[in-house]
Amino acid sequence: PPGIRGGFPIDFQIDPRDPNRIFANNYGGGNFLSEDGGKSWQVASTGYTGAQIRDLFIDPNYPGVVYAAARSGIFLSRDGGKTWSGLGADPYNVLEWNAIVADPTNPSLFLAGTNWWSLLLYSSDGGRSWEKVLELEPNRGVRSLIHSPSNPDWVYAGTGGYFSAGGFDPNISGQGIYLSRDRGGNWDQITTGEYSDAHVLDISIHPEDPESLYAATSNHGIIRTWNAGESWQEITEGIRMRHGANAVAVDPINPDVILAGIAFGGIYRSEDGGESWGQSAAGLTPEANITDIIIDPTNPDIVYASDSFSGVYRSSDGGITWH
């Protein structure tokens with residue numbers, strides 16, 4: 001079907017009752033079915049759980065609309081994930097998509113990053129066509145994208161490095177953070193000096209100030225700016241930082257409260273805008289590798305965190321204790 005990348009066949013099975021009915025499992029594609037001896041094919045991946053999904057974006061106005069950045073392409077569901085259609089349009093029907101974000105005021109406008117070609121791509125028509133808006137150095141890619149909640153015209157992109165397309169390596173430097181002030185059309189690198197090589201895993205923006213943001217990096221810990229990148233500060237006072245930071249989240253109601261996920265170091269919490277931190281470990285293993293933190297936008301006492309070792313945790317007290 002249009003928008004679907006077929007991938008590379010690695011296994012065939014023929015229905016013993018009907019030799020024209022053929023199943024194909026494709027590396028970098030999915031599961032496919034032919035009922036006419038291979039002349040035509042249909043997607044047979046519904047319910048398949050082996051796909052590698054790197055990022056999701058849920059339309060805040062229509063939560064049944066979900067975009068997915070996956071190893072084998074970009075996909076859209078309009079029924080809450082029950083069925084999916086592919087949005088991979090030539091010439092960018094490529095592998096290894098890692099990040100996606102839609103414009104919160106117009107979800108037909110969205111950005112997506114692939115480290116197959118180190119590109120950031122923009123679509124103005126819901127994924128039917130794409131254009132290149134940012135090309136990074138070889139072995140660099142966009143791994144985090146976020147619109148400012150107070151000014152959706154502003155979009156930030158965090159970059160990372162990789163050895164082989166398909167996965168990022170925290171030990172390889174990135175190209176820091178880029179900012180677009182026109183919803184993704186044009187971009188400027190805003191990390192300069194010692195932070196120009198930042199490998200950025202996550203970005204969180206002040207709920208009322210688009211120029212103020214925090215970034216979790218593998219090579220500089222937690223960094224922040226108050227002026228859209230004119231100056232930066234590393235804020236790790238009180239954090240045992242051995243392997244960098246994976247995630248950061250600003251409380252949408254009280255932006256002085258910040259949570260940070262540390263690589264193999266659990267979660268830290270700040271109540272003064274990042275000036276000082278204390279470990280928030282009750283209920284977590286000390287070596288938890290926290291890869292993402294989500295604060296409920298309507299009730300910031302409810303927080304979710306993902307640990308690559310043991311799954312998902314929930315806090316009901318703003319990230320002080322976890323279950």
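We count residues from 1, following the sequence as given.
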Single-linkage hydrophobic cluster I146~I190, side-chain heavy atoms < 4.5 angstrom: yes
Short side-chain donor-acceptor distance under 3.5 Å, S118 and Y162: yes
Criterion side-chain contact (heavy atoms from CB on, under 4.5 Å) against Y178, the qualifying member of V200, L136, L120, V133: L136
Y92 vs K132 side-chain heavy atoms within contact, under 4.5 Å: yes
Point-to-point distance, once rounded to the nearest 0.5 Å, from CD1 of I203 to CG of L145: 8.0 Å
Greater than 12 external heavy atoms within 6.0 Å of R240's CZ: no
pair P152-R183: side-chain heavy atoms closer than 4.5 Å: yes
Reported CD1-to-CZ distance for the pair I4 and F32, which is rounded to 0.5 angstrom: 6.5 Å
Donor-acceptor pair, side chain of R21 and main chain of D18, under 3.5 angstrom: no
Side-chain heavy atoms of N31 within contact of N25, under 4.5 Å: yes
Option passing side-chain contact (heavy atoms from CB on, under 4.5 Å) with Y268 (candidates I290, I262, V248): I262
V101 versus H147, closest heavy-atom pair with distance: CG2-CD2, 3.8 Å
Closest non-hydrogen atom pair between F57 and A102, with its separation: CE2-CB, 3.2 Å
Under 3.5 Å donor-acceptor, S270 side chain and S276 backbone: yes
Least distance between heavy atoms, P9 atom then G7 atom: CD-O, 3.9 Å
Hydrophobic cluster membership, Y62 vs I100, 4.5 Å side-chain cutoff: yes
Exam field: side chain T217 to backbone G221, donor-acceptor pair closer than 3.5 Å: yes
Donor-acceptor contact present, side-chain S34 to main-chain S40, <3.5 Å: yes
Donor-acceptor pair between R269 and S315 side chains, under 3.5 angstrom: no
Atom of V250, atom of I205 and distance for their closest heavy-atom approach: CB-O, 4.3 Å
Polar side-chain atom of R54 near backbone of E96 as donor-acceptor pair, under 3.5 Å: no
Euclidean distance, L76 CG relative to W84 CH2, rounded to 0.5 Å: 7.5 Å
Exam field: side chain Y156 to backbone S144, donor-acceptor pair closer than 3.5 Å: no
Hphob cluster co-occupancy, Y214 + V257, side-chain heavy atoms under 4.5 angstrom: no
Flag side-chain contact, heavy atom, 4.5 Å: R140 against S173: yes
Heavy-atom side-chain contact between L33 and F23 under 4.5 Å: yes
Check: R5 side chain, S72 main-chain N or O, donor-acceptor pair, under 3.5 Å: no
Y195 with I239, same ILVMFWY side-chain cluster at under 4.5 Å: no
S85/T83 under side chain to side chain contact (heavy atoms under 4.5 Å, CB included): CA gap, chis, key distance, verdict: CA-CA 7 Å; S85 57; T83 60; over 6 Å; no
Aromatic plane relationship, H199 with F168 - under 30° parallel, 30 to 60° tilted, over 60° perpendicular: perpendicular
Pair T291, N289: side-chain N/O donor-acceptor within cut-off below 3.5 Å: no
Backbone N/O of I258 and side chain of W277: donor-acceptor pair under 3.5 Å: no
Residue pair N20 / D36, side-chain heavy-atom distance below 4.5 Å: no
Joint hydrophobic cluster, Y122 plus W154, side-chain heavy atoms closer than 4.5 Å: no
Where E230 and T225 come nearest, the two heavy atoms and their spacing: N-OG1, 4.2 Å
R314 CZ to H323 NE2 distance, which is reported to the nearest 0.5 Å: 9.0 Å
pair W187-V155: side-chain heavy atoms closer than 4.5 Å: yes
Side chain to side chain contact (heavy atoms under 4.5 Å, CB included) between F264 and F309, worked out: CA-CA 10 Å; F264 307 102; F309 295 125; 3.5 Å; yes
Exam field: side chain N98 to backbone D55, donor-acceptor pair closer than 3.5 Å: no
Trace of the side chain to side chain contact (heavy atoms under 4.5 Å, CB included) decision for W232 with I177: CA-CA 11 Å; W232 291 89; I177 297 174; 3.7 Å; yes
Heavy-atom side-chain proximity of D188 to L179 below 4.5 angstrom: no
Parallel, tilted or perpendicular: rings of Y67 and F110 (30°, 60°): tilted
Trace of the side chain to side chain contact (heavy atoms under 4.5 Å, CB included) decision for F75 with I53: CA-CA 10 Å; F75 297 89; I53 307 299; 5.7 Å; no
Centroid separation W117 to W130 less than 6.0 Å: no
Other residues, nucleotides, ligands: >12 heavy atoms within 6.0 Å of E237 CD: no
Rounded distance [0.5 Å steps], CZ in R242 versus CD in E287: 7.5 Å
Donor-acceptor contact below 3.5 Å, side chain N219 vs main chain D197: yes
Interatomic spacing from CD1 in I294 to OG in S306 - rounded to 0.5 Å: 8.5 Å
Nearest heavy atoms of S129 and A89, plus distance in Å: CA-CB, 4.3 Å
